[in-house]
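What follows is a short report on a single structure.
Both ligands and their constituent atoms are indexed starting at 1 by order of listing. None of the values given here were measured: they were computed from a predicted structure.
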Amino acid sequence: MATVTQPEAGNTAAESNGDKSPGQFSFSTVKLQEISHLSDYIPNLQSLPNPLEQNPFFHPSDEFYVKSGDVIFRQIVYDLSGTLPSPSPDHLAYHRAGPRREVVFDPKTVRAAIVTCGGLCPGLNTVIRELVVGLWELYGVRQIFGVTAGYRGFYSREPVELNPKLVHSWHKRGGTALETSRGGFDLEKIVDSIQNRGFNQVYIIGGDGTMRGAVKIFNEIRRRKLNIAVTGIPKTVDNDIGIIDKSFGFQTAVEMAQQAISAAHVEAESAVNGIGLVKLMGRSTGHIALHATLSSRDVDCCLIPEMEFYLEGKGGLFEFLEHRLKENGHAVLVVAEGSGQSMIPRTDAQKQERDESGNLVLLNVGGWLKSELNRWWTRDHPGELFTVKYIDPTYMIRAVPANATDNSYCTLLAHSAIHGVMAGYTGFVSGPINGNYAYIPLEEVAQARNVVNTKDHKWAWIRSVTNQPDFERS
Ligand SMILES: Nc1ncnc2c1ncn2[C@@H]1O[C@H](COP(=O)(O)OP(=O)(O)O)[C@@H](O)[C@H]1O
Ligand SMILES: O=P(O)(O)OC[C@H]1O[C@](O)(COP(=O)(O)O)[C@@H](O)[C@@H]1O
Ligand SMILES: [Mg+2]
């Protein structure tokens with residue numbers, strides 16, 4: 001029978017090596033993903049009892065505080081039945097998020113800055129609100145500032161002072177009250193401004209691009225040996241950030257996408273040979289399209305960037321739709337905006353087109369598909385009725401307030417970030433891993449991508465729900 005060896009006391013990433021007999025899992029293969037701490041480069045950093053001790057609403061017991069050895073495992077599914085591969089792969093572990101017994105910041109001297117960058121996502125205002133209220137109410141911080149208009153706001157705008165009264169109802173609003181932007185990343189100017197304004201805690205809310213910028217800010221702050229903690233709070237409506245379970249706002253966006261799919265279904269059903277076509281956000285990943293399809297059940301075919309598809313011939317989209325129209329009289333297609341990009345004719349100028357952040361500007365796959373569908377039908381069924389009703393909800397799925405689940409998620413993210421920063425951690429991101437909140441090195445998050453795996457059970461589930469082709473040419 002397989003056994004699991006226990007770590008030695010006080011030794012999470014145990015050095016004790018295991019002579020592993022077949023089927024034995026040893027903690028010697030646990031790799032703790034260390035995060036930086038201000039004490040790594042600031043000598044004689046002060047250490048104070050956590051102010052939560054004095055907070056009348058908390059009665060911290062021993063279990064209340066997270067210990068330095070508490071970790072969250074990335075991998076939680078193991079096969080203990082057979083021989084483990086030799087040498088065993090690393091089992092990644094991350095520091096558990098939450099309040100520490102000791103902090104390194106005196107709340108009276110904290111000057112916190114909060115910034116939102118990149119595209120919108122439901123819940124941005126909730127995260128800002130909870131950072132402000134959490135810093136104020138939990139830790140007694142009184143100097144909290146909003147940096148407006150994204151990264152460029154650090155050096156081109158005056159920060160706005162924030163307090164709980166001001167942000168009280170922000171969680172009910174879509175968008176970001178601090179405003180956001182793409183581009184404008186100037187490392188020297190940003191760090192100079194952070195330093196000159198006396199900020200010592202920087203909370204950066206944004207997606208993959210923002211996190212890559214945050215890594216650079218963190219490295220520069222460390223190079224200058226500044227007593228400033230930097231943390232990233234991962235945001236992306238596309239859910240394309242890796243390691244964490246999912247990004248906040250994603251569920252709200254999927255819920256909103258249902259309305260577009262339902263409308264497309266009604267339109268398609270009410271027409272003769274009607275096709276409802278819905279384009280959903282998803283620059284390089286199809287998570288929104290996939291989850292909207294799974295939860296809707298009105299969808300006949302879901303197309304995502306991770307999967308090539310083709311239109312003509314055996315096993316192609318047209319052949320599939322031909323059958324569906326014959327069978328049901330209508331069909332619904334969901335397409336993620338990053339799909340089919342290699343099939344859409346692109347001029348040389350379009351090949352170069354980038355947004356302010358350097359992201360490739362996508363061609364409109366929805367408009368292209370609509371015209372291809374019309375071309376096909378007129379060619380193969382001249383004179384027969386046919387209609388494509390194309391719905392592109394674009395920003396409607398992200399420019400809304402977060403739903404209840406996302407709102408609670410945003411609160412936990414914000415509080416996790418505050419606890420980590422107050423304890424002196426820096427260059428990290430808070431996020432749920434297998435449902436438990438963890439601190440992950442910023443650099444790791446900036447590099448990790450979360451794409452749909454078309455070989456796994458979730459994609460198989462899509463195919464079983466839609467019965468769509470696999471688009472693998474035989
Ligand atoms: N590699 C990078 N290095 C530094 N800053 C970056 C990098 N990529 C993006 N940024 C900056 O991060 C911000 C947001 O990036 P963007 O890609 O628009 O959105 P998101 O963070 O949501 O992916 C922009 O201000 C952009 O200039
Ligand atoms: O028009 P904008 O604001 O650039 O946003 C469009 C893009 O933003 C996204 O929602 C993703 O944005 P982020 O990377 O900022 O999260 C994409 O799905 C979409 O292509
Ligand atoms: Mg992005």
Side-chain angles (χ1 to χ4, degrees), residues 115-124 127 147-157 174-176 178-191 193 202-220 230 232-242 244 246-250 252-254 256-257 278-292 304-305 334-339 341 353-366 392-400 429 442-443 445-452:
V115 66
T116 51
C117 310
L120 292 187
C121 177
L124 279 167
V127 174
V147 172
T148 58
Y151 276 136
R152 53 169 46 81
F154 273 107
Y155 55 85
S156 63
R157 301 268 195 108
T176 162
L178 295 182
E179 300 176 335
T180 184
S181 70
R182 297 195 190 273
F185 186 85
D186 185 322
L187 182 61
E188 290 298 314
K189 284 189 185 171
I190 291 170
V191 178
S193 161
V202 183
Y203 297 86
I204 302 175
I205 312 166
D208 55 338
T210 305
M211 293 303 141
R212 286 192 285 276
V215 169
K216 292 178 183 166
I217 293 173
F218 161 63
N219 285 335
E220 179 59 16
V230 179
I233 300 176
K235 162 269 15 162
T236 165
V237 74
D238 292 351
N239 196 30
D240 56 5
I241 291 190
I244 60 170
K246 62 172 168 282
S247 47
F248 70 80
F250 172 68
T252 306
V254 168
M256 293 304 293
V278 180
K279 184 178 86 170
L280 294 173
M281 282 190 167
R283 196 194 289 278
S284 52
T285 62
H287 295 288
I288 296 177
L290 185 156
H291 283 264
I304 58 170
V334 166
V335 60
E337 65 177 333
S339 310
Q341 293 296 309
E353 217 185 328
R354 310 258 155 185
D355 69 13
E356 289 103 325
S357 290
N359 303 306
L360 186 70
V361 173
L362 298 175
L363 297 176
N364 182 359
V365 64
D392 183 354
T394 62
Y395 302 109
M396 290 175 74
I397 69 165
R398 71 175 201 191
V400 291
V429 160
L442 238 178
E443 193 144 18
V445 175
Q447 283 163 9
R449 306 275 299 133
N450 178 29
V451 294
V452 174

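Which parts of ligand 1 touch Gly209 is read off a 4.0 Å heavy-atom cut-off, strictly below it: atoms 6 (C), 7 (C), 8 (N), 9 (C), 10 (N), 11 (C), 12 (O), 15 (O), 17 (O), 20 (P), 21 (O), 23 (O). Per-residue contacts place Gly213 under 4.0 angstrom from the following atoms of ligand 1 (heavy atoms of the residue considered): 4 (C), 5 (N). Heavy-atom contacts of Lys235 reach the following atoms of ligand 2: 13 (P), 15 (O), 16 (O) (cutoff under 4.0 Å). Applying the 4.0 Å criterion to heavy atoms of Gly282 picks out, from ligand 2, the atoms 18 (O). Which parts of ligand 1 touch Gly207 is read off a 4.0 Å heavy-atom cut-off, strictly below it: atoms 20 (P), 21 (O), 22 (O), 23 (O). Every atom of ligand 2 is numbered from 1 in the order shown, and the set under 4.0 Å from a heavy atom of Val237 is 10 (O). Those atoms of ligand 2 with a heavy atom of Thr236 less than 4.0 angstrom away are 16 (O). Residue Arg212 has at least one heavy-atom neighbour below 4.0 Å for each of these atoms of ligand 1: 1 (N), 2 (C).
Looking at His287, its side chain never comes within 3.5 Å of a backbone N or O of Phe250 through a donor-acceptor pair. The backbone N or O of Gly282 sits less than 3.5 Å from a side-chain atom of Glu337, completing a donor-acceptor pair. Checked by atom type and distance alone, the side chain of Gln341 pairs as donor or acceptor with a backbone atom of Leu363 at under 3.5 Å. Of the possible donor and acceptor atoms, none in the side chain of Arg212 sits under 3.5 Å from a partner among the backbone N and O of Gln447. Between the Ser156 side chain and the Arg152 main chain, a donor and an acceptor come within less than 3.5 Å of each other.
In summary, an N, O or S atom of Asp208 is located under 2.8 Å from the Mg ion (ligand 3).
The shortest non-hydrogen separation linking Ile241 to Asn450 is O-CB, 3.3 Å. Across every non-hydrogen atom of Ser357 and Gly183, the tightest pair is OG-N, 2.9 Å.
Ligand 1 lies within reach of Lys235, whose nearest heavy atom is under 4.0 Å from it. For the ligand labelled ligand 2, residue Gly207 lies outside the 4.0 Å heavy-atom shell. Ligand 1 has no atom lying under 4.0 Å from any heavy atom of Thr236.
Using a 4.5 Å heavy-atom threshold, the side chains of Tyr151 and Thr210 count as touching. Side chains of Lys279 and Asn364 form a contact here, defined as non-hydrogen atoms less than 4.5 Å apart. Put simply, the side chain of Ser284 does not reach to within 4.5 Å of the side chain of Val451, judged on heavy atoms. Within the 4.5 Å cutoff, side-chain heavy atoms of Ile288 are placed close to those of Asp238. Contact of the Ile217 side chain with the Val191 side chain is registered, since non-hydrogen atoms from C-beta on lie closer than 4.5 Å.
In terms of N/O distances under 3.5 Å, ligand 1 is approached by Asn359. Between Arg182 and ligand 1, at least one pair of N/O atoms sits closer than 3.5 Å. Residue Thr210 places at least one N or O, backbone or side chain, under 3.5 Å from an N or O of ligand 1. The shortest N or O to N or O distance between Gly183 and ligand 1 is under 3.5 Å. Taking any N or O of Gly118, backbone or side chain, none lies under 3.5 Å from an N or O belonging to ligand 1. Residue Gly206 has no nitrogen or oxygen atom sitting less than 3.5 Å from a nitrogen or oxygen atom of ligand 1, judged on distance alone.
Among all non-hydrogen protein atoms, the one lying nearest atom 1 (O) of ligand 2 is Tyr395 OH, 2.5 Å. Scanning the protein heavy atoms around atom 15 (O) of ligand 2, the nearest turns out to be Gly119 N, 2.7 Å.
When the options Ala446, Gly358, Ser357 are ranked by their closest heavy atom to atom 16 (P) of ligand 1, first place goes to Ser357. Of the candidates Arg182, Glu356, Arg398, Glu337, the one placing a heavy atom closest to atom 10 (O) of ligand 2 is Arg398.
Proximity of Lys216 to ligand 1, defined as any heavy-atom pair under 4.0 Å, is confined to the side chain (atoms from C-beta onward). With a 4.0 Å heavy-atom cut-off, ligand 2 is reached by the side chain of Asp238 but not by its N, CA, C or O.
To the nearest 0.5 angstrom, Ile190 atom CD1 is 11.0 Å from Glu220 atom CD.
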